[in-house]
Trainee: 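The structure that follows is given in the form of structure tokens.
Residues take their numbers from the sequence shown, with the count starting at 1. Because the structure is predicted, anything quoted here is derived from the model rather than measured.
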Amino acid sequence: MGDRIKSSLADRDPGRRGSFFGAFSGLAKDVFSGKSSDVRGMLTAVYGLTGRGHVDTRAAAKDLGVSQRTVQRWIADDSRQHNKPRRDHLSKLQGKAKRAPTTKRGRRAAVSVAKQSAKGRSSQSRKGKLNVRGRQGVFAGRDGKKNYYVRYRTAHMDVNPDQMDAMWAAYADGGDKGLSAWLHEHSQDYVDDWHFESIDGIEWSAENDMPSWER
């Protein structure tokens, strides 16, 4: 019963994929619209960051069939030589960025960005809260009756570093469905029979802090 409810609620939330990818990558949804002109954002969405927090221009160059210097010039600031991508390269990048939330490579890129953010680094070494915003609540069948207490709210769930690693792995490997399944399982320690009908925000915060949307 619980798995069927979880699946049906997630299937009715078409915006969940973009919410997850945007939350982890820190990118606006326009970046993976297929029409974006944000070259740096699209490169980040598709190829992620290096260990030093820079766009992975080497991976981008290899995949797009150009030199690394060419990619670097696409995202150079005004103080350095800057070139716009050719139309065919831009179109190819737009297509890859649009598909990024649906590919393991794109999701891993988003996770790499999330882990290198200030909050991501903190979440790997200390306990905190995983804040999930959307329509959610208790769906339970008791005495032959269905009780459905769902409204728009934020759930503040306790998480430790190991659980955050498991969450990121669930998303990278299983996409929005994998993460939805992990959230459902983890939320049972928050409140029994908790379900997410829609999700439009997910963010880690320190134990005594609030998510950005509640400040």
Trainee: Can you find a pair of side-chain heavy atoms, one from V55 and one from V71, that are under 4.5 Å apart?
Mentor: no
Trainee: Name all pairs fulfilling the side-chain hydrogen bond (donor to acceptor under 3.5 Å, both in side chains) condition that reach into residues 84-109, sequence neighbours left out, sorted by first residue then second.
Mentor: D63-K96, R86-D88
Trainee: Between CG of L90 and OG of S37, what distance do you get to the nearest 0.5 Å?
Mentor: 8.0 Å
Trainee: Can you give me the closest heavy-atom contact between G106 and F21, atom names plus distance?
Mentor: O-CE1, 3.3 Å
Trainee: Taking the side chain from R40 and the backbone from I75, do they hold a donor-acceptor pair closer than 3.5 Å?
Mentor: yes
Trainee: With sequence neighbours excluded, what pairs up with Y190 under the ring pair (Phe, Tyr, Trp, His ring centres under 6.0 Å) test?
Mentor: W194
Trainee: Under 4.5 Å between side-chain heavy atoms, hopping through other hydrophobics if needed: is there a path connecting I199 to V138?
Mentor: yes
Trainee: Please report the C-alpha distance between R58 and D56 in whole Å, then the side-chain angles of each, then the deciding distance to 0.1 Å, and finally whether the side chain to side chain contact (heavy atoms under 4.5 Å, CB included) criterion is met.
Mentor: CA-CA 5 Å; R58 178 177 296 178; D56 193 340; 3.8 Å; yes
Trainee: Would you confirm whether T70, through its side chain, and V66, through its main-chain N or O, come within 3.5 Å as a donor-acceptor pair?
Mentor: no
Trainee: Which pair of heavy atoms, one from A100 and one from A45, lies closest together, and at what distance?
Mentor: CB-O, 3.8 Å
Trainee: Excluding sequence neighbours, so at least two apart, what forms ring pair (Phe, Tyr, Trp, His ring centres under 6.0 Å) with F20?
Mentor: none
Trainee: Output every pair passing ring pair (Phe, Tyr, Trp, His ring centres under 6.0 Å) with a member in residues 33-58, not counting sequence neighbours, ordered by first then second residue.
Mentor: none
Trainee: Going by atom type alone, with no hydrogens or angles, which donor-acceptor pairs under 3.5 Å involve a side-chain atom of residues 153-167 and a protein atom two or more places apart or on another chain?
Mentor:
from	atom 1	to	atom 2	distance (Å)
R153	NE	Q136	O	3.1
R153	NH2	Q136	O	3.3
R153	NH2	Y149	O	3.1
T154	OG1	W213	NE1	3.0
T154	OG1	E214	OE2	3.3
H156	ND1	N131	OD1	2.6
D158	OD1	K129	NZ	2.4
N160	OD1	D162	N	3.1
N160	OD1	Q163	N	2.8
Q163	OE1	N160	N	2.9

Trainee: Given W168 and F24, is the side chain to side chain contact (heavy atoms under 4.5 Å, CB included) satisfied, shown in steps?
Mentor: CA-CA 9 Å; W168 280 323; F24 291 145; 3.9 Å; yes
Trainee: Once ring pair (Phe, Tyr, Trp, His ring centres under 6.0 Å) is applied, do any residues pair with W204, and if so which ones, sequence neighbours excluded?
Mentor: none
Trainee: Kindly write out the residues that satisfy side chain to side chain donor-acceptor pair (under 3.5 Å) with S112, not counting sequence neighbours, or none if the list is empty.
Mentor: none
Trainee: How long is the straight-line distance from CZ of R17 back to NZ of K177, given to the nearest 0.5 Å?
Mentor: 8.0 Å
Trainee: Are the side chain of R73 and the backbone N or O of N83 linked by a donor-acceptor pair below 3.5 Å?
Mentor: no
Trainee: Side chain to side chain contact (heavy atoms under 4.5 Å, CB included) for Y171 and L183? Distances and angles first, verdict last.
Mentor: CA-CA 10 Å; Y171 177 64; L183 285 170; over 6 Å; no
Trainee: Taking C-beta and beyond as the side chain, do P211 and R133 meet within less than 4.5 Å on heavy atoms?
Mentor: no
Trainee: Any side-chain heavy atom of L43 within less than 4.5 Å of one from T57?
Mentor: no
Trainee: Please enumerate all residues that pass side chain to side chain donor-acceptor pair (under 3.5 Å) together with Q188, with sequence neighbours excluded.
Mentor: none
Trainee: Report yes if the side chains of H195 and H184 come closer than 4.5 Å at any heavy-atom pair, otherwise no.
Mentor: yes
Trainee: Apply side chain to side chain donor-acceptor pair (under 3.5 Å) to D38 and list each qualifying residue two or more places apart in sequence or on a separate chain.
Mentor: none
Trainee: Using distance only, find each side-chain donor-acceptor pair of residues 27-34 under 3.5 Å and give its atom names and separation, not counting sequence neighbours.
Mentor:
from	atom 1	to	atom 2	distance (Å)
S33	OG	D30	O	2.7
S33	OG	K35	N	3.2

Trainee: Mind listing the closest non-hydrogen atom pair of V39 and P85 along with its distance?
Mentor: CG2-CG, 3.8 Å
Trainee: So which pairs with a foot in residues 91-113 pass ring pair (Phe, Tyr, Trp, His ring centres under 6.0 Å), sequence neighbours left out?
Mentor: none
Trainee: Looking only at heavy atoms, what is the nearest atom pair of S117 and A114, with distance?
Mentor: OG-O, 2.7 Å
Trainee: For S36, what residues pass the side chain to side chain donor-acceptor pair (under 3.5 Å) criterion, not counting sequence neighbours?
Mentor: none
Trainee: Under the side chain to side chain contact (heavy atoms under 4.5 Å, CB included) rule, what do F196 and S187 come out as? Steps first, then yes or no, please.
Mentor: CA-CA 9 Å; F196 300 96; S187 69; 3.9 Å; yes
Trainee: May I ask you to decide whether D176 forms a salt bridge with R16, counting only side-chain N to carboxylate O separations under 4.0 Å?
Mentor: no
